[in-house]
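Notes for the one structure printed next.
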Number of protein chains: 4
Amino acid sequence: MSEAAKEPRWERRKQDRPQELLAAALQLFVERGYAATRLEDVATRAGVSKGTLYLYFENKESLFKSVVRANMLPLLDEAEAMVDNHAGSSAELLRELITGWWQAAKHSGLTGISKLMMAESGNFPELARFYHEEIILRSDAMVVRMLERGMARGEFRQIDAEAMKKVIVAPVVMLMLWDQSFGPCSITPIDPQAYLTSLIDLCINGLKA
Amino acid sequence: MSEAAKEPRWERRKQDRPQELLAAALQLFVERGYAATRLEDVATRAGVSKGTLYLYFENKESLFKSVVRANMLPLLDEAEAMVDNHAGSSAELLRELITGWWQAAKHSGLTGISKLMMAESGNFPELARFYHEEIILRSDAMVVRMLERGMARGEFRQIDAEAMKKVIVAPVVMLMLWDQSFGPCSITPIDPQAYLTSLIDLCINGLKA
Amino acid sequence: MSEAAKEPRWERRKQDRPQELLAAALQLFVERGYAATRLEDVATRAGVSKGTLYLYFENKESLFKSVVRANMLPLLDEAEAMVDNHAGSSAELLRELITGWWQAAKHSGLTGISKLMMAESGNFPELARFYHEEIILRSDAMVVRMLERGMARGEFRQIDAEAMKKVIVAPVVMLMLWDQSFGPCSITPIDPQAYLTSLIDLCINGLKA
Amino acid sequence: MSEAAKEPRWERRKQDRPQELLAAALQLFVERGYAATRLEDVATRAGVSKGTLYLYFENKESLFKSVVRANMLPLLDEAEAMVDNHAGSSAELLRELITGWWQAAKHSGLTGISKLMMAESGNFPELARFYHEEIILRSDAMVVRMLERGMARGEFRQIDAEAMKKVIVAPVVMLMLWDQSFGPCSITPIDPQAYLTSLIDLCINGLKA
DNA sequence: TATGAATGAGGCTTCATTCAT
DNA sequence: CATGAATGAAGCCTCATTCAT
């Protein structure tokens, strides 16, 4: 129909605006940091004007918090389900947990959010607390459950799971951060596949009974 | 002595000014990020006036670069010497390398610099490259030498040292970042000692032949 | 009747829109001043959307002028007729003039308009001139006629009516202004009845032959 | 000396700045109202740049409050002393009080402040309360004392001083407002001398025993 | 050297006005 | 006629930088 051609690019899609703005803001906040990100750039990247932003977010800080919350919340459920329902060996679970975690983080905005929180936690203590509770505590606990499952089944040797959890999480988080900070800089880019393979190899060998 | 009277110990010596400014700037840049750090706050924390800062540094960017360079340079020599001259077992070397690295980073400003570069690499590509070459490449290479020494001596199993190097460095760097970002937030602070012990335990068990 | 069903009483009739907008605008302009009044608030108070306002008024300035003119025009005729046709004593005329003036001003929007012109005359010189000619000159002249009538009839002593006119008008205008500015602030509100009684008492005693 | 010529107009007089800014702000706030006054215009009129204003006042509202307070406080003492210490007849006191009040108001910034408060009291309730207590209540009380003195000495007839006070104050205040609002508009300017003479004449005749 | 008053470019935010529906 | 999403000019405010002392 010729009518369909009538509404190509000038159509205003009110309901999509917040998503587009959040996506644009996430990119810029991650790239440049909170203070160095200009709202006009966010608006331009979302294809709207400066003023439009204020139809959906009260101010810059509110936009920032929305970016963090929107990208943080719908994330850990899948990984947690995997840990709790896994039927195979603990080595297999560990492998799937790490690779799955990275895949999920890569496709959602979590890699960017992690970098953002690392950089801005000092300026937004409430957000840092929120991030700590929603992401850090939950992912730590997930790893602990995985380790204890392995020890209970006799597949992993006896270790201090509480002390070990962050050691295992750390390389995954670092991969996210490198991906976001030095990745774009593109100096000897890291190969996530080989990196994760080595990590899993080290863990499985380092934990096996 | 009449000289002592001329120069009581509370008097700030002029030649210390740049160091005091760099120290103050490092703290604030790390806490708040580059853009959110006000030069007036840097000057105040260093005990001088805003104008004085410009007697020693051309501008804000120059101060930032000086901060990074001053804290980055005098760092890796000791660790490198340790790797090259170590006489004991490779497990022992690994342990000393990791704990020594953390100690050195903790006492120099490297933990802060690492956080800073992670946050600001997008805004300062030249600095990112400099950091990459001076810190990342050298520390990676150091770890590779350590791993190859272990394999050559039959103490470590055969692994892909190039792929493994970053896996081993990552937890140490993460410890620095946590220390700088969520540490001050003081939500369930991490215990570096237990953390490093677990890391070393994991590595030694994961690498042993 | 079927007509009644077609037009329930809660339905806003289109022809009332301009009046409702003018009324809402008058309130807000008087409360907050011209610059501090937002057109969105005017529209909301009138129960319409922001865009609708522009169907009836060209822009903010045009709305403001319409508010002033609409509330200014239909006012002095009654009072003027009273002065010219009064049959009683001049003291009685003075009493009725003052109380009648206040009543009319109170029930029309003139008290608000007076405050508005006092506040915004500097920003709207043409309006100020208009107000001066339509309100100030005419009411001054009315008072002059009243005074001259009293002197002509030997009821008032000989005074300079031209110089006295504003002295007599001033307390009435001040009552309007207090009513509009500090009235809502409600700090020791003024009692118009007692105030006007004192004013009339002072004038009659001060003018009597 | 040629040296004196060296520092003619570029000399920075830190201590005078606040006064110059307050004076410039008073003028513009009175002319245009609070919202319509641009801080850049205030700064320009004071001969400084936009940013300088913020060295002395926190923000626009703070400047506004400072303007009101600075011009309001040092004002009523003289008039009050006059009422309490006057030795002559009460008619004489009334004459001097009214003319003195006008002179003082004219030379201080009170005429402008009065107009400002009339226009902006709705937007600054706290200031309105402050103004009410510091200016209105005190000047009202002063007039009451004057009236009671006259009645006590048998020079004025018995009246309700409380109800009459505002009637006597009103014409003086109106003179201030006219002076500030329609005065600059310069349409048939009022002659303060003749106006006050008529006012005093009316009062003395209207109050005499 | 050291100071701190002054500057002005630039970012955040508001709101009068437009326009496609 | 009515709506309300969108625009962008304009004002407040911050802060890196300069400069006379």
Side-chain angles (χ1 to χ4, degrees), chain A residues 6-7 10-17 35-43 46-63, chain B residues 12 14-15 17 34-44 47-64, chain C residues 12 14-15 17 34-44 47-64, chain D residues 6-7 10-17 35-43 46-63:
Chain A
K6 269 187 193 170
E7 38 161 29
W10 50 262
E11 185 188 348
R12 305 285 178 242
R13 288 147 306 156
K14 175 189 164 193
Q15 66 233 12
D16 296 343
R17 281 287 140 74
T37 295
R38 296 176 10 187
L39 290 192
E40 184 155 22
D41 290 343
V42 173
V48 298
S49 79
K50 218 175 1 172
T52 300
L53 215 153
Y54 287 86
L55 297 177
Y56 301 98
F57 302 95
E58 205 181 346
N59 52 31
K60 190 179 186 179
E61 184 170 342
S62 160
L63 171 66
Chain B
R12 292 284 182 73
K14 295 165 187 173
Q15 66 262 21
R17 282 284 149 75
Y34 177 79
T37 295
R38 302 182 324 151
L39 291 193
E40 182 155 27
D41 290 343
V42 173
T44 299
V48 300
S49 78
K50 214 173 9 167
T52 301
L53 210 153
Y54 284 84
L55 297 174
Y56 298 98
F57 302 94
E58 200 182 347
N59 52 29
K60 190 180 185 180
E61 186 169 341
S62 157
L63 171 65
F64 181 73
Chain C
R12 293 285 180 73
K14 296 164 187 174
Q15 66 263 23
R17 283 285 149 75
Y34 177 79
T37 295
R38 303 183 323 151
L39 290 193
E40 183 156 25
D41 290 345
V42 173
T44 300
V48 299
S49 79
K50 214 174 7 168
T52 300
L53 211 154
Y54 284 84
L55 296 175
Y56 298 99
F57 302 95
E58 200 182 348
N59 52 31
K60 190 181 185 179
E61 186 169 341
S62 157
L63 171 65
F64 181 73
Chain D
K6 268 189 196 170
E7 37 161 30
W10 50 263
E11 185 187 347
R12 304 286 177 241
R13 288 146 305 156
K14 175 188 164 192
Q15 66 233 14
D16 296 343
R17 280 288 139 74
T37 295
R38 296 177 8 188
L39 290 191
E40 184 156 23
D41 290 343
V42 173
V48 299
S49 78
K50 215 174 7 171
T52 300
L53 215 153
Y54 288 87
L55 297 175
Y56 301 99
F57 303 95
E58 204 181 346
N59 51 31
K60 191 180 185 179
E61 184 169 341
S62 159
L63 172 65

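Model, not experiment: these values are computed from the prediction.
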Separation of F:dC15 atom C1' from D:Leu55 atom CG, nearest Å, is 11 Å

Between the CG atom in B:Leu53 and the CZ atom in B:Arg17, the distance rounded to the nearest 0.5 Å is 11.0 Å

A correct dot-bracket answer for DNA chain E, with pairs being Watson-Crick or G-U at under 3.5 Å, [ ] for crossing pairs and | for inter-strand pairs, is .||||||||||||||||||||

Taken to the nearest 0.5 Å, the spacing of B:Lys50 NZ from B:Thr44 OG1 works out to 9.0 Å

Between OH of D:Tyr56 and C1' of E:dT7 the distance, given in whole Å, is 13 Å

Taken in chain and number order and not counting sequence neighbours, the residues that satisfy side-chain contact (heavy atoms from CB on, under 4.5 Å) with B:Thr52 are B:Val48, B:Ser49, B:Leu55, B:Tyr56

Sorted by chain and number, sequence neighbours left out, salt bridge (charged side-chain N to carboxylate O under 4.0 Å, His left out) with A:Arg38 holds for A:Glu40, A:Asp41

Counting primed atoms, P, OP1 and OP2 as sugar-phosphate and everything else as base, the B/S/- map of nucleotides 8-14 of chain E against protein heavy atoms under 4.0 Å is BBBSSBB

Any donor-acceptor pair under 3.5 Å from B:Tyr34 side chain to B:Glu61 backbone:
yes

Hits for side chain to side chain donor-acceptor pair (under 3.5 Å) against D:Glu58, two or more places apart or cross-chain, chain-then-number order -> none

When rounded to whole Å, the CG to P distance for the pair A:Leu53 and F:dA6 reads 11 Å

Rounded to whole Å, the CZ-P distance (C:Phe57 to F:dA2) equals 12 Å

With sequence neighbours left out, the residues meeting side-chain contact (heavy atoms from CB on, under 4.5 Å) with A:Tyr54 are A:Leu39

Heavy-atom closest pair (A:Ala36 atom, B:Ala35 atom, distance to 0.1 Å) is N-CB, 3.9 Å

